[in-house]
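One structure below.
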Amino acid sequence: QVQLVESGGGLVQAGGSLRLSCVASGRTFGMYAIGWFRQAPGKERDAVAVINWSGGSTDYTDSVKGRFTISRDNAKMTVYLQMDSLKPEDTAVYYCAAGPWRLSPRGYEYWGQGTQVTVSS
């Protein structure tokens, strides 16, 4: 069992920045990737970014490329999502999840509780 805890969400103005953190614990052996996902009210959950745990390879959805950066600290068992130049359309609940190295929520088994990100105009 893998436990994931997100933090760092909040309310910011358009153009501002936030840094989300996801701390993993438990039986993390064999964990291949950590992904960040988001879900706005009435919409499906979408992938934002994913990072391969061992190799560090990353992938991003087109709408955040150049604005968001995913990174990891293996010693701290933590994955970060640096969010710059935030837009109102980024408003959503953000989740981290452990699973396959795939830019999709499909197949991810372990999920955090989510953290709210609200971007005002």
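- A 4.5 Å side-chain heavy-atom check between Val79 and Trp53 finds at least one atom pair inside the cut-off.
- To the nearest 0.5 Å, the span separating CZ on Arg72 from OG1 on Thr78 amounts to 12.0 Å.
- At least one side-chain heavy atom of Val64 sits less than 4.5 Å from a side-chain heavy atom of Arg38.
- With rounding to the nearest 0.5 Å, the separation of CD1 in Ile34 from CD1 in Ile51 is 9.5 Å.
- In this structure, SG on Cys22 lies 10.5 Å from CH2 on Trp111, to the nearest 0.5 angstrom.
- Transitive grouping of hydrophobic side chains (ILVMFWY, heavy atoms separated by less than 4.5 Å) keeps Leu103 and Leu81 in distinct clusters.
- Summarising the geometry of Ala33 relative to Pro100, their closest heavy-atom pair is CB-O, 3.5 Å, with the distance given to 0.1 Å.
- Atom CD of Gln13 has 12 or fewer heavy atoms from other residues, nucleotides or ligands within 6.0 Å.
- Under 3.5 Å, the side chains of Ser71 and Asp73 contain no donor-acceptor pair of N or O atoms.
- The nearest pair of heavy atoms linking Val117 to Leu18 is CG1-CD1, 3.9 Å.
- For NZ of Lys43, the number of neighbouring non-hydrogen atoms (other residues, nucleotides, ligands) closer than 6.0 Å is 12 at most.
- A 4.5 Å side-chain heavy-atom check between Val2 and Glu109 finds every atom pair outside the cut-off.
- Residues Ser57 and Trp101 share a closest heavy-atom pair of O-NE1, 3.3 Å.
- Side-chain atoms of Gln113 come within 3.5 Å of backbone N or O of Glu6 as a donor-acceptor pair.
- Counting only distance, with no hydrogens or angles, the side chain of Tyr60 and the backbone of Gly66 share no donor-acceptor pair below 3.5 Å.
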Yes or no on side chain to side chain donor-acceptor pair (under 3.5 Å) for Asn52 and Ser54, after CA distance, side-chain angles and deciding distance? CA-CA 6 Å; Asn52 182 274; Ser54 60; 3.1 Å; yes
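- Of the possible donor and acceptor atoms, none in the side chain of Gln1 sits under 3.5 Å from a partner among the backbone N and O of Arg27.
- Rounded to the nearest 0.5 angstrom, Lys87 NZ and Ser63 OG are separated by 8.0 Å.
- Under the 4.5 Å side-chain heavy-atom criterion for Ile, Leu, Val, Met, Phe, Trp and Tyr, Phe68 and Ile70 are members of the same hydrophobic cluster.
- When all heavy atoms of Val23 and Lys76 are compared, the closest pair comes out as CG1-O, 4.4 Å.
- Residues Val50 and Tyr108 have side chains in contact (heavy-atom distance under 4.5 Å, counting atoms from C-beta outward).
- One finds a salt bridge joining Asp62 and Lys65 here, because a Lys/Arg side-chain nitrogen approaches an Asp/Glu carboxylate oxygen to under 4.0 Å.
- Atom CG in Leu4 sits 7.5 Å away from atom OG in Ser25 (nearest 0.5 Å).
- Across all non-hydrogen atoms, the minimal contact from Gly9 to Thr115 is N-OG1, 3.2 Å.
- In this structure, Ser17 and Gln82 have side chains that are in contact, with non-hydrogen atoms separated by less than 4.5 Å.
- Rounding to the nearest 0.5 angstrom, the gap separating the CH2 atom in Trp36 from the CG atom in Leu20 is 4.5 Å.
- Each of Gln39, Gln116, Met83 was compared with Tyr94 under the side-chain contact (heavy atoms from CB on, under 4.5 Å) criterion, and only Met83 meets it.
- Here the shortest heavy-atom pairing between Phe37 and Ala97 reads CE1-CB, 3.7 Å.
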